[in-house]
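Below: the structure, in structure tokens.
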Amino acid sequence: MDTTRTDGSTALRKAALRLIPFVAVMFFINYLDRTAISFAGPNGMNDDLALTAAQYGFAAGIFFVGYIVLEIPSNMALHRFGARKWLARIMVTWGVVAVLFTWVQDAGQLYWLRFLLGVTEAGFFPGAILFLTLWFPREYRRRALAGFYLAQPLTTVIGAPLAGFLMQSGHGVLGLEGWRFMFLCVGLPAVVLGVVCWFYLTDKPEDATWLTPDERAWMRRELDAEAGENEARGHVPARRILGVGRVWALAVAYFGLIYGLYSLAFFLPTIIGGFQERFGTTFSVFEKGLVTAVPYVPAALALFLWSRHIYRNGFKSWHIAVPTLVAGLSVPVALYMNSPYLTILVIAVTACGIFMALPNFWSLPAQFLTGAAAAAGIAFINTFGNIGGFSAPYVTGWLTDLTGDEKLGLWLTGGLLVLSSAILLVLSRRSRADLAVTPSTTTV
């Protein structure tokens with residue numbers, strides 16, 4: 001019996017069961033808190049605060065300004081102090097700010113709170129990605145990232161109806177409007193889970209008392225061997241990360257993906273809210289939440305099945321590029337459909353494309369970055385990409401005010417996704433050329 005293989009499979013199974021669900025729940029709450037404004041906006045907040053589409057878009061997007069400014073320093077702090085302490089700190093502070101949205105009174109206060117939410121959340125997502133790369137060897141990393149990323153579409157599948165229910169049933173509770181009660185309820189779990197995180201997470205395999213000594217040794221050997229392969233291709237110091245062309249290319253490609261993701265996240269509830277004017281349909285607040293969740297059900301299923309296909313058959317460049325291209329081509333088509341059912345169907349295709357691409361994208365930086373360079377590189381790519389998080393809601397809102405509908409904004413979204421697809425295809429050719437010189441177990 002091969003005891004080494006047994007130690008490896010057991011260690012991976014234990015790590016996956018202990019870490020991935022917990023980090024995914026953290027991400028679920030993270031994404032719900034940052035997108036809660038998309039549910040509140042068309043369901044009372046915009047009217048109560050007298051917000052235009054551009055003001056709502058600016059409020060949604062300014063979150064990413066604070067997030068971007070502190071992203072890289074936060075991830076370097078995580079690398080220094082450890083994921084357990086730093087992710088716990090992030091969650092508690094963002095939870096406190098998220099709760100404060102309950103009492104916002106005007107657009108100015110909304111802008112400041114969204115900015116502060118970005119400041120306090122900065123570093124969570126790249127920190128979680130880095131944490132998983134420190135635990136799972138390359139061969140298994142895409143599967144781990146897929147399990148983590150599954151929380152994102154499920155946030156809308158579960159979160160949109162939940163937000164609708166809280167807004168509809170919570171109206172008047174504690175003297176609050178429904179959207180204010182919803183903010184209160186979705187902010188508190190972050191504080192609780194942040195405290196749990198401090199005691200639950202383990203920073204690295206050698207510290208895991210829940211693994212046997214042989215299992216810890218196997219994990220360390222695998223991760224060190226992978227780091228050695230990356231070093232052999234050329235070590236990149238953290239201070240030189242901005243001089244690496246491949247990092248910039250991945251950052252631009254990620255910008256397009258995030259622009260598409262947040263165009264969908266922040267304006268889908270608004271588009272659904274406009275069904276009454278366009279098609280004569282009427283939904284309650286809870287029903288709007290259910291309809292908002294519909295495109296994300298097939299997206300979650302597509303993410304899961306696509307990741308299983310890649311794990312079983314091997315990763316190829318088109319596994320990222322083709323879904324991104326499909327998402328880009330389908331985005332603007334939704335607003336030209338002549339029924340709400342067809343509109344939702346096309347939006348579902350877009351959501352499937354984006355979520356099939358995203359988890360596999362994050363396995364790319366770890367193929368040529370290690371250590372502090374990986375922390376800085378992942379943070380920079382995520383930071384640059386999240387400029388799209390700021391741009392998408394603001395530009396879409398501004399173009400909506402300018403033209404009177406969402407069509408032009410979504411054409412721009414589609415174009416940026418197509419550009420991302422093209423960049424990823426070019427990068428894959430370069431990576432294949434590199435691998436022909438330095439063989440590796442993974443192709444890009």
Side-chain angles (χ1 to χ4, degrees), residues 16-40 60 63 67 83-84 86-99 101 117-118 120-132 135 143-167 182-198 200-201 258 261-262 264-266 268-269 289-290 292-304 307 351-352 354-356 358-359 362 382 386 389:
L17 290 174
R18 181 179 176 88
L19 301 177
I20 294 174
F22 186 81
V23 178
V25 170
M26 293 168 67
F27 187 30
F28 176 96
I29 296 173
N30 172 261
Y31 193 67
L32 181 60
D33 281 346
R34 75 169 61 177
T35 57
I37 190 174
S38 69
F39 308 125
F63 163 91
Y67 195 89
R84 179 178 63 86
W86 200 248
L87 291 178
R89 193 282 305 164
I90 289 173
M91 292 201 73
V92 170
T93 53
W94 106 50
V96 170
V97 174
V99 169
F101 280 83
L117 187 66
T120 53
E121 278 194 27
F124 172 79
F125 180 79
I129 294 292
L130 178 62
F131 174 70
L132 293 175
W135 265 96
R143 202 171 188 183
L145 290 174
F148 167 70
Y149 241 108
L150 191 60
Q152 197 165 31
L154 288 179
T155 300
T156 306
V157 172
I158 300 169
L162 175 62
F165 171 77
L166 290 172
M167 287 186 288
M182 183 268 296
F183 274 126
L184 178 64
C185 291
V186 300
L188 289 174
V191 178
V192 175
L193 200 62
V195 174
V196 175
C197 173
W198 182 279
Y200 184 80
L201 285 187
I258 291 299
L261 175 68
Y262 284 109
L264 199 64
F266 286 121
L268 178 56
L290 289 174
T292 301
V294 168
Y296 291 89
V297 175
L301 182 61
L303 186 159
F304 175 74
S307 298
C352 286
I354 291 173
F355 284 107
M356 288 163 69
L358 278 172
W362 281 113
N382 193 59
N386 276 300

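Small disclaimer: the values here were computed from a predicted structure and weren't measured. Numbers here are sequence positions counted from 1.
- Of the inter-residue distances, the one linking Thr155 atom OG1 with Leu150 atom CG reads 9.5 Å to the nearest 0.5 angstrom.
- Leu188 CG to Phe183 CZ: the interatomic distance, rounded to the nearest 0.5 Å, is 13.5 Å.
- The structure places CG of Leu201 at 15.5 Å from CH2 of Trp86, a figure rounded to the nearest 0.5 Å.
- Residues Trp198 and Val92 have side chains not in contact (no heavy-atom distance under 4.5 Å, counting atoms from C-beta outward).
- The distance from the CD atom of Glu121 to the OH atom of Tyr31 is 11.5 Å, given to the nearest 0.5 Å.
- Within the 4.5 Å cutoff, side-chain heavy atoms of Ile129 are placed close to those of Phe148.
- Summarising the geometry of Ile29 relative to Pro189, their closest heavy-atom pair is CD1-CB, 4.0 Å, with the distance given to 0.1 Å.
- Annotation: cation-pi geometry not satisfied between Arg34 and Phe125 (NZ/CZ under 6.0 angstrom from ring centroid, within 45° of ring axis).
- Atom CG in Leu166 sits 5.0 Å away from atom SG in Cys185 (nearest 0.5 Å).
- A 6.0 Å sphere centred on CZ of Phe22 holds more than 12 heavy atoms belonging to other residues, nucleotides or ligands.
- Taking 4.5 Å as the limit, some side-chain heavy atom of Asn30 sits within range of a side-chain heavy atom of Trp94.
- In this structure a side-chain-to-backbone donor-acceptor pair under 3.5 Å is present from Arg18 to Tyr200.
- Considering every non-hydrogen atom in both Leu32 and Gly159, the closest pair reads CD1-CA, 4.0 Å.
- Relative orientation of the Tyr296 and Phe355 rings is perpendicular, given thresholds of 30° and 60° on the angle between their planes.
- At a threshold of 4.5 Å between non-hydrogen side-chain atoms, the residues Phe131 and Leu19 count as touching.
- For the pair Arg89 and Thr120, the tightest heavy-atom approach, listed with the atom from each and the gap, is NH1-O, 3.8 Å.
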Assess whether side-chain contact (heavy atoms from CB on, under 4.5 Å) is satisfied between Val99 and Leu184, documenting all intermediate values.
-> CA-CA 5 Å; Val99 169; Leu184 178 64; 3.8 Å; yes
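- Side-chain contact check for Phe27 versus Val23: every heavy-atom pair is 4.5 Å or farther apart.
- With Ser307 contributing its side chain and Phe304 its backbone, the two residues share no donor-acceptor pair below 3.5 Å.
- Looking at every heavy atom in both residues, Ile90 comes nearest to Gly123 through CD1-C, 3.9 Å.
- Here the closest heavy-atom approach between residue Ala24 and residue Gly147 is recorded as CB-O, 4.0 Å.
- Pairing each heavy atom of Met91 with each of Gly194, the nearest pair is CB-CA, 3.6 Å.
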